Each structure stands twice: as structure tokens, then as C-alpha cells.
Participant: 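Before I ask anything, let me first share the structure, which is written out below as C-alpha cells.
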Amino acid sequence: MSETFTGEIHAMIKGRRIVLGITGGIAAYKAAELTRAFIKEGASVRVIMTKNASEFITPLTLQTLSGHLVYRDMFSPLKDFEMDHISLADFAEILVIAPATANVIGKIASGIADDLLTTTVMTTKAPLLICPAMNQSMYENPIVKENIMSLASRGYHFIDPGYGELACSTEGYGRLPDIEDIVDEVESMLTVKDLSGEKILVTAGPTREPFDPVRYISNYSSGKMGYALAVASRRRGARTIMVSGPTSLPVPKGIIFIPVKSALEMRDAVMDHLAESTVIIKAAAVADYRPSTRSDSKIKKEKGPLTISLERNPDIIDEIGRKKGKRVLVGFAVETENLIQRAREKMLAKKMDLIVANDVTQDGAGFGYDTNIIKILTPAGEVEELPLMSKYEVAHRILDRIRDIIRSR
Ligand code: CTP
């Protein structure tokens with residue numbers, strides 16, 4: 001499942017230098033789409049094609065999409081090219097092989113460098129992402145498996161092929177992974193792992209407070225800010241747990257996901273994981289009140305008005321603040337007036353190490369948007385004002401501050 005729920009869930013690919021190696025399999029045509037996706041993300045792409053790859057897709061297609069000559073031959077006069085294999089290897093901040101045939105995987109695993117692509121692989125210091133695509137029987141061949149395992153154990157990255165219809169009229173594993181999944185993996189690989197070793201607990205989304213089997217009280221939280229934080233936290237190397245109220249967002253890959261509904265359930269889930277966490281980010285919009293009673297059957301309409309009495313929910317962040325010890329605690333303040341002053345009061349009263357102040361009256365900020373306009377406050381009195389940016393970029397800025405707090409201790 002793709003993680004493009006904020007519409008802009010990548011931030012690290014922009015401006016980066018990607019070398020894309022295309023080898024000779026039927027999925028080579030999908031490399032055109034991958035090139036486009038990288039370019040759309042703002043990367044600078046150079047394409048190397050093997051001789052067999054150009055039997056499946058023309059270099060002109062890739063040249064047009066990447067905006068640069070396609071590199072194919074080790075021995076062409078260099079004047080025809082901007083770079084040789086050494087400069088291509090230096091140029092690459094990441095090298096992606098998609099599709100990668102059993103043949104190229106075998107060659108790399110055996111240290112063979114007999115064409116431009118394998119020579120570049122051998123020369124580069126950049127990380128390598130290999131995206132195998134082949135017939136299922138080939139993929140299951142023990143020699144191929146062994147080659148993949150041997151390369152993986154040396155630190156090469158792989159994305160497992162997808163399941164589905166294969167070009168040879170069979171069904172199975174062997175399809176090139178989805179383009180978004182490859183782009184997501186590249187984003188992860190380009191993200192500095194400066195939070196590895198941390199255990200980050202994120203809460204996200206609204207809570208639902210039921211008063212009969214079919215109705216509840218809730219709020220407009222979409223969960224996007226919390227989900228962006230969980231994705232960014234995982235990509236920066238933290239073990240990430242997300243306790244989430246009901247949202248319509250796909251569950252991010254690679255995290256521990258704990259779905260809850262009500263504030264009471266959220267409180268219990270958070271407390272269950274508090275001990276193991278080093279950082280807690282409370283992005284959830286927890287309902288402050290819940291109906292005092294819950295009818296077992298649907299409440300029928302009557303002539304007069306209906307009164308529902310409410311009682312206080314536990315203040316989860318307040319409880320964490322009292323128990324947190326050395327943990328870093330980050331809260332959010334959603335306000336419609338006196339933003340800074342109220343946020344500061346909340347931060348100090350609940351022993352937070354940072355508070356993210358969110359004025360939801362501004363266009364592009366708060367519930368439902370893919371973007372946010374926030375201010376980050378510290379107990380020392382600093383106020384960092386961020387301009388309108390995607391929630392994913394906001395997530396990284398919050399995590400930057402958390403990293404700085406951890407480093408300063
Ligand atoms: N929060 C919480 N438990 C609650 C209510 C809020 O943990 N029962 C957390 C939110 O996740 C957020 C922070 O408290 O990180 C501030 O939430 P907000 O609703 O802005 O503030 P409240 O403290 O509830 O104050 P008020 O509603 O009076 O503005």
C-alpha cells in the first residue's frame with residue numbers, strides 16, 4: 001500500500017541524484033514510469049540501460065523522460081556522453097536497479113563487472129536498491145535466492161517482487177513492485193537514520209465517544225499529522241508505535257499499529273507502551289468528554305429535545321507528564337485564539353518538552369488539510385514559526401527538534 005496519503009509524503013528525494021539501472025526484462029517498460037516519478041519528486045536522474053533492456057524499451061523514451069542522454073555502452077567515445085562510469089558512480093547518491101533480472105543479480109553477487117551497469121555498481125559508494133522482477137520459477141530458483149541473500153547480507157537493499165499476473169501468462173511472485181513502493185523505499189534510504197535506537201510512541205486521529213450502538217461524539221481530526229509523524233519517525237530509524245483513533249488512512253508500513261476508538265481505550269494503549277518508549281508525541285485529538293451513559297440499544301427519537309450528559313475523559317498527556325521520567329514528551333495545542341499564550345500554559349502545566357501550536361483558523365492549517373502552519377514552543381521560551389508546508393515536512397521539523405533535545409542530554 002502506498003503511503004502517499006498526505007499527497008506529499010516524500011521530502012528527501014527532492015534535489016537528489018539518482019542513477020537508475022534498467023536491465024532486460026519485460027518490466028523494463030515500467031522503468032519509464034519510475035523515471036517520471038523520480039523526476040516529479042524533484043530528483044536528478046541518469047539512466048543506464050543494459051543491452052538487453054533496450055530490446056524492451058527504447059533509450060529515447062528514457063532520454064526524453066530523464067532529460068539526459070541514456071548511458072549504455074562502456075566503450076562509446078566519451079565525447080558522446082556527459083559522464084563515464086566513474087563519474088556516474090560518483091554522481092549517484094543512490095543507485096536503483098529496476099527491473100533487476102536474475103542475470104544482473106547473479107553478476108553482482110559474483111563480482112562480475114562486464115558492462116556499464118555492473119561496473120558502476122562495483123565502483124559506486126552510493127547505496128544500492130535492487131528491485132527484482134522475473135518469472136516466479138526463476139525467482140524461486142535456489143541460486144537466485146542464494147544470490148539475493150548473499151547481497152542482502154552485505155547491506156544491499158531489496159524490495160520483494162509483487163504478486164500478480166506475470167508476463168508469461170502465469171500468476172505468482174515476480175512482478176516489479178509498485179512504483180510508489182519503490183519511491184517510498186528510495187525516500188527511506190535517503191533519510192538520515194538520526195533517531196535509530198529511539199522508541200517513539202505517536203498518537204493520532206480523533207477518538208469516538210459512543211452514546212448508543214450506532215452513534216458517537218467525535219471531532220474533525222483526519223489523523224494526517226500523526227500518520228506523517230509515524231512514517232517520518234520510522235524512516236529516521238526509530239522503532240515506532242502508533243496508537244490511532246479511527247481514520248480513513250492506510251496503515252503505514254514498518255510500524256507497530258494499535259487501533260483504538262475511545263479516549264479510554266487510547267489511554268490504556270498509551271500507558272501499556274509508556275515504559276518502553278523514549279519519546280511520546282501526542283498528536284491525537286482526544287475528546288475531552290464522553291457521554292456519561294451508553295445505551296445498549298439505539299436511542300429512539302421522542303417529541304422533545306434529547307439531553308446527553310457528558311463526563312470528563314482522562315487527560316492522557318497530563319498523566320504521561322507526571323510519569324514520564326526522562327522521556328521526551330511532545331504535545332499539540334489546537335487553538336482558535338491566543339495561540340502562543342495558551343500553548344505555553346499547556347506545555348508548562350503538563351510537563352511537555354515541546355508543544356506544537358496549531359491555529360486552525362488559518363487556511364491550510366489543521367484538521368483535514370495535507371498542509372499545516374505551526375509554531376514549535378519550548379519551555380525555555382523559544383518560538384519557532386514554520387511557514388505553510390506539507391504535514392510530512394512539518395513532521396520532520398518536529399523530529400529535528402526532538403533529536404536536538406535527545407542530543408543535548
Ligand atoms: N490530550 C490528551 N488527553 C485529553 C485531551 C488532550 O492527551 N483528554 C492531549 C492532546 O493529544 C494534545 C494536548 O493534549 O497533545 C492538547 O490538546 P488540546 O485539545 O489542545 O488541549 P486540552 O488540554 O484538551 O485543553 P482545551 O481543550 O481546554 O483547550
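These values consider heavy atoms only, across backbone and side chains, with no hydrogens, waters or symmetry-generated copies. Throughout, numbering of the chain's residues begins at 1 and tracks the sequence. Small disclaimer: the values here were computed from a predicted structure and weren't measured. Ligands are counted one by one from 1 in listed order, and the atoms in each one are counted from 1 as well.
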Participant: Arg267 near ligand 1, heavy-atom distance under 4.0 Å?
Facilitator: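 Flag not set, Arg267 not near ligand 1.
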Participant: Does Ile316 approach ligand 1 within less than 4.0 angstrom via side chain, backbone, both or neither, non-hydrogen atoms only?
Facilitator: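 Ile316 to ligand 1: contacts from backbone and side chain alike.
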Participant: Please find out if less than 6.0 Å separates the ring center of Tyr163 from that of Tyr173.
Facilitator: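 For Tyr163 and Tyr173, the ring centres are under 6.0 Å apart.
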Participant: Less than 4.5 Å apart, any side-chain heavy atom of Ser244 and any of Tyr227?
Facilitator: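 The answer is yes; the side chains approach within 4.5 Å.
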Participant: Specify the protein heavy atom at minimum distance from atom 9 (C) of ligand 1: its residue, its atom name, and the distance to 0.1 Å.
Facilitator: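 For atom 9 (C) of ligand 1, the nearest protein heavy atom is Ile317 CG2, 3.8 Å.
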Participant: When you measure from atom 8 (N) of ligand 1 to every protein heavy atom, which one gives the shortest distance, and what is it?
Facilitator: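 The closest one turns out to be Pro314 O, 2.9 Å.
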Participant: Output, in order, the C-alpha distance, side-chain angles, deciding distance and verdict of salt bridge (Lys or Arg N to Asp or Glu O under 4.0 Å) for Arg397 and Glu393.
Facilitator: CA-CA 6 Å; Arg397 300 297 278 269; Glu393 283 173 298; over 6 Å; no
Participant: Any atom of ligand 1 sitting under 4.0 Å from a heavy atom of Ala283?
Facilitator: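 Checking ligand 1 against Ala283, which is what was asked, there is no heavy-atom contact under 4.0 Å.
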Participant: Within the structure, is a non-hydrogen atom of Ala284 found at a distance of less than 4.0 Å from ligand 1?
Facilitator: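 It does; at least one heavy atom falls under 4.0 Å.
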Participant: Do me a favour and list the nearest non-hydrogen protein atom to atom 6 (C) of ligand 1 with residue, atom name and distance?
Facilitator: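 Protein heavy atom with the smallest distance to atom 6 (C) of ligand 1: Val286 CB, 4.0 Å.
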Participant: May I ask you to check if Lys145 and Tyr139 form a cation-pi contact, with NZ or CZ under 6.0 angstrom from the six-membered ring centre and within 45° of the axis?
Facilitator: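 Geometry flag: set, cation within 6.0 Å and 45°.
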Participant: Only one of Val330, Val202, Leu201, Ile317 forms a side chain to side chain contact (heavy atoms under 4.5 Å, CB included) with Lys282, so which one is it?
Facilitator: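 Result for side chain to side chain contact (heavy atoms under 4.5 Å, CB included) with Lys282: Ile317.
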Participant: Does the protein place a non-hydrogen atom closer than 4.0 angstrom to atom 3 (N) of ligand 1?
Facilitator: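 Yes; the ligand atom in question has protein heavy-atom contact below 4.0 Å.
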Participant: Under a 4.5 Å cut-off applied to non-hydrogen side-chain atoms, are Met138 and Asn135 in contact?
Facilitator: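 Yes, close enough: below the 4.5 Å cut-off.
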Participant: Answer with yes or no whether Val334 contacts ligand 1, where contact means a heavy atom under 4.0 Å from a ligand atom.
Facilitator: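 Yes.
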Participant: Judging by distance only, is a nitrogen or oxygen of Phe332 under 3.5 angstrom from one on ligand 1?
Facilitator: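 Min N/O separation from ligand 1 is below 3.5 Å for Phe332.
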Participant: Closest non-hydrogen protein atom to atom 23 (O) of ligand 1, residue and atom name please, with distance?
Facilitator: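 Of the protein heavy atoms, Lys350 NZ, 2.6 Å lies nearest.
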Participant: Record the part of Ala263 in heavy-atom contact with ligand 1 below 4.0 Å; permitted values are side chain, backbone, both and neither.
Facilitator: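 Within the 4.0 Å criterion, Ala263 makes no contact with ligand 1.
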Participant: May I ask you to identify the nearest protein heavy atom to atom 15 (O) of ligand 1, giving residue, atom name and distance to one decimal place in Å?
Facilitator: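 For atom 15 (O) of ligand 1, the nearest protein heavy atom comes out as Lys282 O, 2.7 Å.
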Participant: For ligand 1, which atoms sit closer than 4.0 Å to a heavy atom of Gly331?
Facilitator: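 Reading through ligand 1 atom by atom, the close ones are 15 (O).
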Participant: Do we see a donor-acceptor contact under 3.5 Å between the side chains of Ser188 and Arg234?
Facilitator: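 A donor-acceptor contact under 3.5 Å links the two side chains.
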Participant: Closest by any non-hydrogen atom to atom 24 (O) of ligand 1: pick that one out of Asp288, Val270, Thr203.
Facilitator: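 Checking each option, the heavy atom nearest atom 24 (O) of ligand 1 is found in Asp288.
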Participant: Looking at side-chain heavy atoms only, is the closest gap between Ser262 and Arg290 below 4.5 Å?
Facilitator: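 Sidechains of Arg290 and Ser262: no contact.
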Participant: Check the surroundings of atom NZ in Lys375: do more than 12 heavy atoms from other residues, nucleotides or ligands lie under 6.0 Å from it?
Facilitator: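 Above 12, so yes.
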Participant: May I ask you to establish whether Arg294 and Phe211 are in a cation-pi arrangement, using a distance under 6.0 Å from NZ or CZ to the six-membered ring centre and at most 45° from the ring axis?
Facilitator: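 No, Arg294 and Phe211 do not form such a contact.
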Participant: For atom 26 (P) of ligand 1, which of Arg290, Glu335, Lys346 has the closest heavy atom?
Facilitator: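 Of the listed residues, Lys346 has the closest heavy atom.
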